A.B. asks: 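After the structure tokens below, expect a handful of questions from me.
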Amino acid sequence: MLSLIQENRNIAAKATRAVAKFVGVATLFALRLLAAADDGTAKKLPEFVVNEVRVANDEAAGTLGMAVTALRFEPRVDVQARSFAEAQADVSVRGGVFESTGVRIGAAAVADPQTGHYLFELPVAPEMLGAPAVATGAANAARGFNAGTGSVEYGWAPVRTGGRVAVAAGAHGYDRQAIYLGRASDSPNGVGGDVSWARSQSDGAIAFGDHDFSRVAARMQRRSSDSRSQTDLFAGYQHKFFGWPNLYTPFGFNETENLQTVLIALNHSWRSQAGSEFQAAAFYRRNKDDYEFNRLVPGASNPFQHTTWLRGLATRGRVQFATAALGYSFEAQRDRLESTALTFGRFNERSIEKVTLLPELSAPTSAGRVTARAGAAFDHSDRDGSAWSPIAELEWRGVEGRMIRGEYSEATQLPSYTALNSSATSGLFRGNPNLSRSRARNLELSAAFAVRGWSVETAVFRRWDDRLVDWTFRRGVTARTANPVDTVTDGIEVLATRHCARVDLTFSYAWLHKRSDYGAALVDASFYALNFPEHRATAAIRWRVGHGVELRSDNEYRVQAPNFLRVIGGDRAVVSSLGLHFAPPALRGWEFSALVDNLWDSAFQEIPAVPASPRQWSVSAAFRW
């Protein structure tokens, strides 16, 4: 135990020195930008951009904010957390599994080749990103990369001149500090930049649930005066240590994760007045992971130390003609794995490429405009051959936001290294080197309309997942096993939003029904494919009370599919997050807030056998300029 603590302290010390050096250089760069621009002349105000946000609270009560924070109550995705979402979160879309979800920042599809558990290990400050969008069905088939059921997409936000310093403290010894500095260019086609540093630590809401996080990020941005062109160069580093009982296994051990993530990305985007668009990106990601099954006995069972490297290039866009358009994309990624445990597969490096062409024709009618899209995606890998996937849509759009769309699409995906390279006969995680490409087929009818001030979106779909990789549990076997499963998922989604002078409201409801076939595999319980809400409703409320006071409330009600591994909390849950924010008119720039996560102290296990995170509260103060 003492050696483990000393090792963590040494790692934290090295990370802190690296963070301090990085922050120092980045801050010096930002201050030079500020000094160079502050010549006493009048400045052009940056353009105002509104993002559609479907959640009320974009900060967490128990840690620093991350890209995944804004997804916790997002109606279109299900975030299944270990400890809390910012520690380790599985993000699924429409009843899929965590590894069938993709993440895109700008043009780059950022992934983790080892396991989808680390998909959202993104060392990017939330201030640098736009509001997340969720692509499903044909949109995911066209824009997603190695993602079967859906993708979460972030855009690079414009740099804003100003800054924010914030501190927070709360229950269980929690404290957080964060700073953000930004300087937008005042000259046409000039260069601006922003930097961010944040850290948080806590003793944990339950025993052995402590965490220690830090993140540093910096960006340079060139943005044209007409806002049609933007280039971003980003570098970020994040270190996370956290513990949780039953983190990945249902055997009562106190487990830990020690993660270090580096991301470097270059992204360029352009759009024309006529509707044409172009984006290109190159990125590098390295993720180091040291997992301990038993923190009291480091190295028990097997040392689980992994490092993955991922490099990628991507270009995508749309060429607009008079009554037609051509959507296109090309992406290529190369990954590599080094591991002490994942050594039983056939390979530890791989390349994946994808090309998509999606022509469209559009014609006006007396009732609106009809658009037809039909094309295909071509996926290739040097380890698993190639696959074609058709994409077809027929859409009608009328006035006042009315829309009806019918679509059919397919998307394919390759398994992760944890599933491919874990031993098939021993150990805690048992893989299968013969797992092959999975395929998702989606048939969908969706509509959108406005009624009495409400914007409503609905969808009815059926998805067939063939050879989807799931992790299953067998009674009496001390392991989880990677097994392919064929599933059929039926779903209904309804989303309604309304924005008033003082109140923003978002309500959603989703119904899912699933049938599964594991073939000859012996399965008693599923950790992921069959861990989904049969009914899920969300409500997000932002109420601007007045005099600088704002009340924010996120709420979720769910009825989860039964699972015998879920021994505490039942299959029904009400989970809420409540925030009170105060920006005193007499103290310009100051912001004060109080946040409570898991307001009702629900014990519902989002992942079977993983203890829920109890109620967490915190208070914070920030100064913005």
Side-chain angles (χ1 to χ4, degrees), residues 78 90-102 109 111 113 115-116 119 135-151 345-346 350 352-354 356 375-381 383-393 407-420 424 430-445 459-472 480-491 512-523 525-532 561:
D78 185 18
D90 295 340
V91 178
S92 64
V93 177
R94 288 183 166 180
V97 299
F98 65 101
E99 290 196 319
S100 63
T101 302
T115 171
L119 188 65
T136 58
N140 175 67
R143 303 199 301 265
F145 185 82
N146 204 41
T149 57
S151 297
R346 296 180 289 111
R350 170 176 58 188
I352 306 175
E353 298 84 28
K354 179 179 180 180
T356 304
F378 176 72
D379 293 277
H380 175 265
S381 171
R383 300 297 187 181
D384 205 286
S386 306
W388 288 90
S389 301
I391 306 169
E393 290 182 288
E407 62 181 70
Y408 175 79
S409 63
E410 298 184 11
T412 72
Q413 184 173 7
L414 295 176
S416 67
Y417 284 121
T418 297
L420 289 169
R430 300 186 183 179
N432 182 348
N434 298 314
L435 292 170
S436 60
R437 187 184 294 272
S438 62
R439 180 177 292 273
R441 297 172 287 141
N442 189 78
L443 179 64
E444 181 171 344
L445 178 66
V460 179
F461 67 89
R462 169 168 286 186
R463 188 182 68 250
W464 297 264
D465 289 299
D466 301 328
R467 300 180 301 278
L468 180 71
V469 178
D470 187 24
W471 289 87
T472 62
R480 63 179 62 190
T481 303
N483 279 309
V485 57
D486 295 338
T487 67
V488 179
T489 304
D490 295 316
L512 293 172
H513 175 72
K514 184 175 288 194
R515 289 164 288 165
S516 61
D517 181 5
Y518 287 88
L522 300 176
V523 175
S526 162
F527 282 97
Y528 305 113
L530 303 186
N531 180 42
F532 66 96

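Keep in mind that what you see is a predicted model, and the values were worked out from it rather than measured.
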A.B. asks: How far does OG1 of Thr472 sit from CZ of Arg430, to the nearest 0.5 angstrom?
C.D. replies: 11.0 Å
A.B. asks: Using every non-hydrogen atom in the two residues, find where Ser526 and Leu530 come nearest and quote the distance to one decimal.
C.D. replies: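 Taking Ser526 first and Leu530 second, the nearest heavy atoms are OG-N, 3.0 Å.
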A.B. asks: Let me confirm one number: the CD-CZ distance from Gln413 to Phe145, rounded to the nearest 0.5 Å.
C.D. replies: 10.5 Å
A.B. asks: Taking the side chain as every heavy atom from C-beta outward, state whether Thr418 and Trp471 have any atom pair closer than 4.5 Å.
C.D. replies: yes
A.B. asks: I'd like to know if the side chain of Glu393 and the backbone of Glu407 have a donor-acceptor N/O pair within less than 3.5 Å.
C.D. replies: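 No; judged by distance alone, with no hydrogens or angles, the pair does not exist.
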A.B. asks: Atom CH2 in Trp464, atom CZ in Arg439: separation rounded to 0.5 Å?
C.D. replies: 13.5 Å
A.B. asks: Would you check if there is a donor-acceptor pair between the side chains of Ser409 and Asn442 at a distance under 3.5 Å?
C.D. replies: no
A.B. asks: Just by modelled atom types, is the Arg467 backbone N or O under 3.5 Å from a matching donor or acceptor in the Asp486 side chain?
C.D. replies: yes
A.B. asks: Working to the nearest 0.5 angstrom, can you tell me the gap between Tyr518 OH and Leu468 CG?
C.D. replies: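 These two atoms lie 8.0 Å from each other.
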A.B. asks: Can Thr412 and Arg437 be counted as having a side-chain donor-acceptor contact under 3.5 angstrom?
C.D. replies: yes
A.B. asks: Ala147 and Ala411: which non-hydrogen atoms are nearest, and at how many Å?
C.D. replies: O-CB, 3.8 Å
A.B. asks: Do Val469 and Val97 touch side chain to side chain, with heavy atoms closer than 4.5 Å?
C.D. replies: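 With C-beta onward as the side chain, the pair stays apart.
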A.B. asks: Any side-chain heavy atom of Thr489 within less than 4.5 Å of one from Phe532?
C.D. replies: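 No; the side chains remain at least 4.5 Å from each other.
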A.B. asks: Can you check whether Asn146 reaches Leu414 side chain to side chain, under 4.5 Å on heavy atoms?
C.D. replies: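 A side-chain contact exists here, since the closest heavy-atom pair is under 4.5 Å.
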A.B. asks: Work out which heavy atom in Ser381 is nearest to a heavy atom in Arg350; give both atom names and the distance.
C.D. replies: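 What the structure gives for the nearest pair is OG-CG, 3.6 Å.
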A.B. asks: Give the minimum heavy-atom separation between Asp470 and Ala529, together with the two atoms involved.
C.D. replies: OD1-N, 3.0 Å
A.B. asks: If you measure from CG on Asn531 to OH on Tyr528, what distance do you get to the nearest 0.5 Å?
C.D. replies: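 Answer for the CG-OH pair, Asn531 versus Tyr528, is 9.0 Å.
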A.B. asks: Measure from the side-chain N and O atoms of Thr149 to the backbone N and O of Gly96, and report whether any donor-acceptor pair falls under 3.5 Å.
C.D. replies: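 No, the answer is negative, given that no donor and acceptor are paired below the 3.5 Å cut-off.
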A.B. asks: What are the two closest non-hydrogen atoms of Asn434 and Asn432, and how far apart are they?
C.D. replies: N-OD1, 2.9 Å
A.B. asks: Between Thr356 and Ile391, is any pair of side-chain heavy atoms under 4.5 Å apart?
C.D. replies: yes
A.B. asks: May I have the step-by-step check of side-chain contact (heavy atoms from CB on, under 4.5 Å) for Val91 and Leu119, ending in yes or no?
C.D. replies: CA-CA 9 Å; Val91 178; Leu119 188 65; 5.7 Å; no
A.B. asks: Only one of Lys514, Arg463, Arg462, His513 clears side-chain hydrogen bond (donor to acceptor under 3.5 Å, both in side chains) with Asp490; which?
C.D. replies: Arg462
A.B. asks: Looking at every heavy atom in both Leu435 and Asp384, which two are closest together, and how far apart are they?
C.D. replies: O-OD2, 4.2 Å
A.B. asks: Are any side-chain N or O atoms of Arg94 and backbone N or O atoms of Phe461, one a donor and one an acceptor, separated by less than 3.5 Å?
C.D. replies: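 No: the side chain of Arg94 does not pair with the backbone of Phe461.
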